[in-house]
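Take this structure, written in structure tokens, and hold onto it; I'll ask about it next.
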Amino acid sequence: MADPPPPMTSKGADNSSSLKDVPLEPSARSTGIAFGPDPRGDIGPSQAGGIYHTRSITRVSFDRRAAGRISQDNGAGPSTISDDVEEGDDWRDKHGKTKQVFRGTTLLWLAYQSIGVIYGDIGTSPLYVYSSTFLEPPTQEDLLQALSVIIWSLTIMVTIKYVLIILHADNEGEGGTFSCYSLLTRFANITSRDPREEVLVRMERHLSMDMQAPNRTIRHRIERSKFTHGLLKTIGVLAVSMVIADGVLTPAQSVLGAVQGLKVVKPDLSTSAIVGTSCGILIVLFLIQPFGTTKLASAFAPIVILWLGFNGAFGIYNLVKYDWVVLKAFSPYFAIQFFSQHKTHGWKMLGGILLSFTGVEALFADLGAFSLRAIQLSWMCYAYPCLLLAYIGQAAFISMHPEAFSNPFFNSVPPGMLYPSLVVAVLAAIVASQAMITATFQLTSQIMKLSYCPQVKVVHTSKVFHGQLYVPFLNWILMVGAVLVTAVYSDTTRLGNAYGVCVMFVTFFDTCMVTLVALIVWKLSPFLIFIPWLFFATIDGLYLSSSLNKVPDGAWFTITVSGILAAIFLLWRFGKENQWRAEAEDRFKPTELVRKDQKGHLCLTPKWGGDPLSVIRGFGIYFDKTGVLTPAVFTHFVSKFVAIPEVAVFFHLHPVEVPTVSPEERYHVSRFGTIPGCYRLVIKHGFMDEVISPDLAALIYTQVRKAIIRQARERLGLAPKDVADEDDDEANATEKDAKGQQLDGDTTSTSARTTTTGLAVGPPGSTPGLAVGPPGSTPGQGGHGLNLRLNNTINRLPVELRDNEVADELAQLDRAFAAKIMYIVGKEQMRVRRTSSIGRRIVLSIFLWIRENTRAKIANLRLAMDRVVEVGFVKEI
């Protein structure tokens, strides 16, 4: 393994020193009776290290090896399996993320939570939309036209485009622009993948014959065009970067605006007090993020529900009391009149109107934390009606009091509700940033899966809702950024100028990405897709071009931040692709590295010099990065030291997108036919499983041993037993055998009681037979009764004593484990080729610097450091 695995945590003490005492080499090996109780029988899974709550395994795939032996037993001849086949390598059959579907009360609970997280941003827009749209008191006609544009923007951009269409373009439940790109990579060959992540991705590319000719042509051209590959990659990364940039800006804007709202009751509040209070609230807001989405959403939901309820109720009140005529704005005629009468000025006014749906990008990005149905339910049944009533009610009030446009919400509050609404508004504005914070966590997790970002710790905060995440490193970065922005800008007016541009870029990217999803994934006809794409793209273009007017006034900040982030993400991806190409040289089958000479001794292949291999007595554990083929650390160890441990185990940790992996699917052991005593152990672990390692070698030894015994049971056609039964069999084997012989002796003659019993050792693979009778006699002379008792005695032996080959394999395993334990970890160093161009050298040097400062350190592994062997090697990229 080139890079060490991520640090493994433990709740137990380091008991690795106890490994020195066990197991001893079996003393009865010369007689063929090598095994009774497990040499490590006193160490159970909870003590041996591994994953908590593990008691047994019930599936280990030595299937092909067992099948080969059974075929020989049935006279079918030797197994046809090639020596270079990894026997039992089907551990990847079940993998990848699966979409969660919720119903009933769970769905209602998720819908409730989504209100507390998703609609904080878009829900607080009634505080400032009208004041941002108009520069002077509007006329009745201007107000009606602007209200019509707001109503239809919410309807078209949010309800129709996102809630009813785009939310369906999820990648196994995950949302956001980058999830659309990830979805496309599963249905079209447009990217390369990290070998570690490749087994987690379920490719579902449609057969060409199953697609219409236009769709097939579009996919073919996209797959063949490197420019298109780069363009789609850039769009996906830019969208993530812009959401993260908004994730810095939104908390500063919302919290600063909330504190400034206190001037309604205390006009003499100083700027320094506002900034200081805002920074304190921001710090608290980010400090509570580790509690997880469920707890935060449950706490924030009552605030947002009450806030939206106030808006809806106030809207109804103002509509009834002042001017119900504004309901005419539901006619699209007035929206069309807005553009035809105001022309360029109307186009510029769109920069304020688009604030009515800022946060819609978070609605899509937060899809993974909730679900499609939960978001649709909460939006259609509550948030959407409340927001429509809010804007309509404010318009009704402003139509009678035009000067109220400067502070539409508080000026239109019914009598006696100012202070309650002020408290709720401040609280709602504070929690409004949660939508963007949650979205950044979701998107960062997505780009890490496709290797666009260095690996950082991701915490799953719920066992029930798998998509709810918390990213500690990103949380603290956002906190520092938000506090700095608040301190520097210190005013919502200046911050507001930076708002909206990134939102419109992301919505336009979403339109284009979902169009490709419709063509390639959903297989819809291009003739059916073109008109909707043109319609939505035109609206996106109108709002985007209008928002670009804000670039000189402050929008340059978010564009600059997102550009820097996108450059870092693309640089990292470029470096990883070069790293994979360099590492591909070390990925091959074991037969290309090791073979047997004419005498049956292991040696290197001619490609690697052909030298005979020395056998190191001990138990070598090689950390395997990919879980397939030959680990790079094993290749370099064997080729450089021209030696191989007596027993070698390739150890691979395989993350699974579930909270915990059931015991029967957790461990998977396979073996290599070309290298005796060489195995691969794959441990599948969920995001709530805690992998511990102080006594890791004992766990690996135990699982390999049990796999060998289980294979022996399969060969004999015995029903599989769980681990507890296997342990009982081993622990009681000697006792049962002794009792069985005593019972047999009670029914035999005096001469029979004086016989000796022992195992007749035959060739490997044969079944040991019992030689019963006086010394020097041959088996079978005792007659049918003795043969019957012989069979009974053999059947009472543990399964591992009935096959000499299995006994030899277990003896080798025990002997190696008792002799020495080695954790062999690869340390891959990289350098840029001297023949590379200057630009390439600079980019790759930056990548290598970031990689060196973000990779896991071997010292952080909770292993016995005196048993760690670090094998260094250098790759050129």
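Everything quoted here is computed from the prediction, not taken from an experiment. We're numbering straight along the sequence, starting at 1. Side-chain atoms are counted along with the backbone in the values below, which use heavy atoms only and exclude waters and symmetry mates.
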Between F286 and W476, is the gap from one ring center to the other below 6.0 Å?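 Not close enough - the centres of the two rings lie 6.0 Å or further apart.
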Do W379 and Y162 have their ring centres less than 6.0 Å from each other?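 Judged by ring-centre distance (under 6.0 Å), W379 and Y162 do not meet the cut-off.
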Determine yes or no for a side-chain-to-main-chain donor-acceptor pair under 3.5 angstrom, with S254 supplying the side chain and A429 the backbone.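 Pair found, side chain donor or acceptor close to backbone of A429.
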Of Y452, F569, F509, which meets ring-ring contact (aromatic ring centres under 6.0 Å, His included) against F178?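 Checked Y452, F569, F509 against F178; only one passes ring-ring contact (aromatic ring centres under 6.0 Å, His included): Y452.
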Is the Y543-F505 ring centre distance short of 6.0 angstrom?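 No, too far apart.
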My understanding is that only residues two or more places apart in sequence, or in another chain, count here; which of them pass side-chain hydrogen bond (donor to acceptor under 3.5 Å, both in side chains) with S241?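 Here no residue qualifies.
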Closest heavy-atom pair and its distance - Q442, L469: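 Smallest interatomic distance, heavy atoms only, reads NE2-N, 3.9 Å.
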Checking H460 side chain against F687 main chain: does a donor-acceptor pair fall under 3.5 Å?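 No.
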Can you name the nearest heavy-atom pair linking I353 to I150, along with the distance?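 Looks like CG2-CG1, 3.9 Å.
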Let's go through W109 and F102 carefully: what are the C-alpha distance in whole Å and the side-chain angles of both, what is the deciding distance for ring pair (Phe, Tyr, Trp, His ring centres under 6.0 Å) to 0.1 Å, and is it a yes or a no? CA-CA 10 Å; W109 176 245; F102 302 100; over 10 Å; no
Have a look at W307 and tell me which of L127, L427, V431 forms a side-chain contact (heavy atoms from CB on, under 4.5 Å) with it.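 Only one option passes, and that is L127.
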Would you please name every residue forming a side-chain hydrogen bond (donor to acceptor under 3.5 Å, both in side chains) with T155, sequence neighbours left out?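 Testing T155 for side-chain hydrogen bond (donor to acceptor under 3.5 Å, both in side chains), a comparison that skips the adjacent residues, returns Y384.
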For S433, what residues pass the side-chain hydrogen bond (donor to acceptor under 3.5 Å, both in side chains) criterion, not counting sequence neighbours?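 For S433 there are no side-chain hydrogen bond (donor to acceptor under 3.5 Å, both in side chains) partners, ignoring immediate neighbours.
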Taking all heavy atoms of T440 and all of I244, pick out the closest pair and write down the distance.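 Result for this residue pair: CG2-CA, 3.7 Å.
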Is it true that F441 and Y470 have ring centroids separated by less than 6.0 Å?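 Between F441 and Y470, the centre distance is under 6.0 Å.
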From CA spacing to verdict: salt bridge (Lys or Arg N to Asp or Glu O under 4.0 Å), R205, E223: CA-CA 12 Å; R205 188 176 184 273; E223 290 180 335; 2.8 Å; yes
Report, as yes or no, whether the 6.0 Å neighbourhood of atom OH on Y382 holds more than 12 heavy atoms from other residues, nucleotides or ligands.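 Yes.
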Look at E577 together with K233 and state whether they make a salt bridge at an N to O cut-off of under 4.0 Å.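 Here E577 pairs with K233 in a salt bridge, since their nearest N and O are under 4.0 Å apart.
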Is the closest side-chain donor-acceptor distance between Q113 and Q468 under 3.5 Å?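 Per modelled atom types, Q113 and Q468 side chains form a pair under 3.5 Å.
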K449 side chain near S182 side chain, heavy-atom distance below 4.5 Å: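 No, their side chains stay 4.5 Å or more apart.
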